[in-house]
Amino acid sequence: MELFDTTQTGLERALSGSALRQEAIASNIANVNTPGYRRQDVDFQSALQAAWGEGRSAVEAVSPAVSVDPTAAVRQDGSSVDIDVESAAQSKNGLQYEAITTVLKTRNAILRSAIGIN
(Lines give C-alpha, C1' and ligand atoms only; values in the text may rest on other atoms or scores of the structure.)
Protein backbone atom coordinates (compact mmCIF):
# COMPACT_ATOMS: atom_id res chain seq x y z
CA MET A 1 0.00 0.00 0.00
CA GLU A 2 1.33 3.38 -1.01
CA LEU A 3 1.24 6.34 1.32
CA PHE A 4 0.14 8.76 -1.40
CA ASP A 5 -2.54 7.73 -3.85
CA THR A 6 -3.67 8.94 -7.26
CA THR A 7 -5.80 11.66 -5.69
CA GLN A 8 -2.84 13.11 -3.82
CA THR A 9 -0.73 13.07 -6.98
CA GLY A 10 -3.56 14.58 -8.99
CA LEU A 11 -4.06 17.38 -6.48
CA GLU A 12 -0.35 18.16 -6.59
CA ARG A 13 -0.45 18.27 -10.41
CA ALA A 14 -3.52 20.49 -10.29
CA LEU A 15 -1.73 22.84 -7.91
CA SER A 16 1.26 23.03 -10.26
CA GLY A 17 -1.01 23.68 -13.22
CA SER A 18 -2.87 26.40 -11.36
CA ALA A 19 0.40 28.07 -10.39
CA LEU A 20 1.58 27.97 -14.00
CA ARG A 21 -1.75 29.40 -15.15
CA GLN A 22 -1.28 32.26 -12.69
CA GLU A 23 2.08 33.03 -14.31
CA ALA A 24 0.44 33.04 -17.76
CA ILE A 25 -2.30 35.38 -16.57
CA ALA A 26 0.28 37.71 -15.00
CA SER A 27 2.19 37.74 -18.29
CA ASN A 28 -1.03 38.53 -20.16
CA ILE A 29 -1.83 41.43 -17.84
CA ALA A 30 1.73 42.76 -18.09
CA ASN A 31 1.47 42.71 -21.89
CA VAL A 32 -2.07 44.05 -22.26
CA ASN A 33 -0.79 47.05 -24.28
CA THR A 34 1.91 45.22 -26.22
CA PRO A 35 1.02 45.23 -29.93
CA GLY A 36 0.95 41.75 -31.43
CA TYR A 37 1.03 39.96 -28.06
CA ARG A 38 -1.11 36.84 -28.00
CA ARG A 39 -2.96 35.74 -24.90
CA GLN A 40 -1.48 32.67 -23.19
CA ASP A 41 -3.27 30.03 -21.20
CA VAL A 42 -2.58 26.73 -19.45
CA ASP A 43 -5.01 23.90 -20.11
CA PHE A 44 -4.10 21.13 -17.74
CA GLN A 45 -7.55 20.21 -16.46
CA SER A 46 -8.69 18.19 -19.47
CA ALA A 47 -5.43 16.21 -19.57
CA LEU A 48 -5.62 15.63 -15.83
CA GLN A 49 -9.22 14.45 -16.01
CA ALA A 50 -8.38 12.06 -18.85
CA ALA A 51 -5.41 10.63 -16.94
CA TRP A 52 -7.21 10.32 -13.61
CA GLY A 53 -8.97 7.09 -14.52
CA GLU A 54 -5.81 5.50 -15.83
CA GLY A 55 -3.93 5.51 -12.55
CA ARG A 56 -1.19 7.29 -10.72
CA SER A 57 1.52 6.93 -13.36
CA ALA A 58 -0.75 8.51 -15.97
CA VAL A 59 -1.52 11.38 -13.60
CA GLU A 60 2.20 11.84 -12.89
CA ALA A 61 2.82 12.09 -16.63
CA VAL A 62 0.50 15.09 -16.99
CA SER A 63 2.68 18.12 -17.50
CA PRO A 64 0.95 21.51 -17.66
CA ALA A 65 2.33 23.80 -20.35
CA VAL A 66 1.75 27.37 -21.46
CA SER A 67 0.22 27.75 -24.91
CA VAL A 68 -1.20 30.57 -27.00
CA ASP A 69 -4.99 30.79 -26.77
CA PRO A 70 -6.23 30.45 -30.38
CA THR A 71 -9.81 31.32 -29.42
CA ALA A 72 -9.08 34.82 -28.06
CA ALA A 73 -10.32 37.72 -30.19
CA VAL A 74 -7.58 39.88 -31.70
CA ARG A 75 -7.73 43.68 -31.41
CA GLN A 76 -6.67 46.12 -34.11
CA ASP A 77 -3.16 46.37 -32.66
CA GLY A 78 -2.74 42.59 -32.98
CA SER A 79 -2.99 41.90 -29.25
CA SER A 80 -5.49 39.33 -28.03
CA VAL A 81 -5.45 40.34 -24.36
CA ASP A 82 -8.68 41.62 -22.82
CA ILE A 83 -8.04 42.96 -19.32
CA ASP A 84 -11.57 42.08 -18.18
CA VAL A 85 -11.10 38.47 -19.30
CA GLU A 86 -7.74 38.32 -17.51
CA SER A 87 -9.17 39.77 -14.30
CA ALA A 88 -11.96 37.19 -14.31
CA ALA A 89 -9.49 34.39 -15.11
CA GLN A 90 -7.21 35.54 -12.29
CA SER A 91 -10.08 35.50 -9.79
CA LYS A 92 -11.27 32.07 -10.92
CA ASN A 93 -7.78 30.63 -10.86
CA GLY A 94 -7.15 32.06 -7.40
CA LEU A 95 -10.30 30.40 -6.08
CA GLN A 96 -9.34 27.08 -7.68
CA TYR A 97 -5.85 27.29 -6.17
CA GLU A 98 -7.30 28.01 -2.76
CA ALA A 99 -9.75 25.11 -3.06
CA ILE A 100 -6.98 22.71 -4.03
CA THR A 101 -4.77 23.81 -1.13
CA THR A 102 -7.69 23.41 1.27
CA VAL A 103 -8.27 19.84 0.11
CA LEU A 104 -4.55 19.05 0.37
CA LYS A 105 -4.35 20.51 3.88
CA THR A 106 -7.38 18.49 4.94
CA ARG A 107 -5.93 15.28 3.49
CA ASN A 108 -2.61 15.92 5.22
CA ALA A 109 -4.37 16.60 8.53
CA ILE A 110 -6.23 13.31 8.22
CA LEU A 111 -2.99 11.49 7.42
CA ARG A 112 -1.19 13.12 10.35
CA SER A 113 -4.04 12.22 12.66
CA ALA A 114 -4.03 8.62 11.44
CA ILE A 115 -0.33 8.20 12.20
CA GLY A 116 -0.60 9.97 15.53
CA ILE A 117 1.03 13.31 14.73
CA ASN A 118 -0.94 16.31 15.92
Side-chain angles (χ1 to χ4, degrees):
M1 180 175 171
E2 296 179 13
L3 184 59
F4 297 112
D5 58 3
T6 303
T7 301
Q8 182 76 20
T9 303
L11 288 169
E12 292 169 2
R13 289 289 181 200
L15 202 59
S16 296
S18 184
L20 188 59
R21 177 176 284 149
Q22 187 63 30
E23 290 178 23
I25 293 168
S27 178
N28 293 339
I29 291 172
N31 288 291
V32 68
N33 292 323
T34 303
Y37 181 83
R38 299 297 176 137
R39 180 181 191 274
Q40 298 178 345
D41 195 12
V42 177
D43 181 24
F44 63 93
Q45 292 166 317
S46 57
L48 195 55
Q49 285 176 337
W52 206 283
E54 297 176 22
R56 185 174 171 192
S57 61
V59 171
E60 287 176 337
V62 172
S63 181
V66 176
S67 61
V68 173
D69 180 4
T71 63
V74 179
R75 297 187 318 236
Q76 269 188 325
D77 65 357
S79 174
S80 61
V81 177
D82 180 338
I83 195 68
D84 293 332
V85 170
E86 299 309 318
S87 295
Q90 187 177 37
S91 296
K92 180 181 176 183
N93 193 55
L95 290 173
Q96 287 176 336
Y97 189 90
E98 189 174 313
I100 295 166
T101 57
T102 299
V103 172
L104 280 169
K105 285 179 185 176
T106 302
R107 288 178 57 88
N108 288 341
I110 291 170
L111 181 60
R112 291 170 60 134
S113 177
I115 60 176
I117 299 173
N118 293 322

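What you see is a predicted model, and the numbers here were worked out from it, not measured in a lab.
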- Under the 3.5 angstrom rule, does the side chain of S113 hit a backbone N or O of A109 as a donor-acceptor pair? no
- Query: When hydrophobic residues are tied together by side-chain contacts of less than 4.5 Å, even through go-betweens, does V66 share a cluster with V68?
  - Reply: no
- Task: Take Q49 and V62, measure what side-chain contact (heavy atoms from CB on, under 4.5 Å) needs, and give me the verdict at the end.
- Result: CA-CA 10 Å; Q49 285 176 337; V62 172; over 6 Å; no
- Message: Is any side-chain heavy atom of R75 closer than 4.5 Å to one of D82?
- Response: no
- Shortest non-hydrogen pair, A72 vs S80, comes out as CB-O, 3.7 Å
- Message: If you define the side chain from C-beta out and look only at heavy atoms, does anything of D5 sit under 4.5 Å from R107?
- Response: yes
- Donor-acceptor contact below 3.5 Å, side chain S79 vs main chain N33: no
- Message: Would you compute the distance between atom NZ of K105 and atom CD of E98 and round it to the nearest 0.5 angstrom?
- Response: 8.5 Å
- Message: Quick check against the 3.5 Å criterion: does R13 have a side-chain atom that pairs as donor or acceptor with the backbone of E60?
- Response: yes
- Task: Spell out, as yes or no, whether a donor-acceptor pair under 3.5 Å connects the side chain of T101 to the backbone of Y97.
- Result: yes
- Query: What are the two closest non-hydrogen atoms of G17 and P64, and how far apart are they?
  - Reply: CA-CG, 3.6 Å
- Query: When rounded to the nearest 0.5 angstrom, what is the spacing between CG in L11 and CG in L104?
  - Reply: 4.5 Å
- Taking the side chain from S18 and the backbone from A14, do they hold a donor-acceptor pair closer than 3.5 Å? no
- Task: Dump the intermediate steps for side-chain contact (heavy atoms from CB on, under 4.5 Å) on L111 and Q8, then the final yes or no.
- Result: CA-CA 11 Å; L111 181 60; Q8 182 76 20; over 6 Å; no
- About how many Å separate CD of Q96 and CG of L15, when rounded to the nearest 0.5 Å? 11.5 Å
- Y37 and N28: side-chain donor and acceptor closer than 3.5 Å? yes
- Query: Which pair of non-hydrogen atoms, one from A51 and one from A58, has the smallest distance, and what is that distance?
  - Reply: CB-O, 3.5 Å
- Query: Quick one: does E54's side chain get under 4.5 Å of T6's, heavy atoms only?
  - Reply: no
- Please walk me through it: do E86 and V32 pass side-chain contact (heavy atoms from CB on, under 4.5 Å)? CA-CA 9 Å; E86 299 309 318; V32 68; over 6 Å; no
- Query: Hey, are the side chains of R39 and V85 touching, using non-hydrogen atoms and a 4.5 Å cut-off?
  - Reply: yes
- Measure the CG-CZ distance between N93 and R21 for me, rounded to the nearest 0.5 Å. 5.5 Å
- L95 CG to I100 CD1 distance, which is reported to the nearest 0.5 Å: 11.0 Å
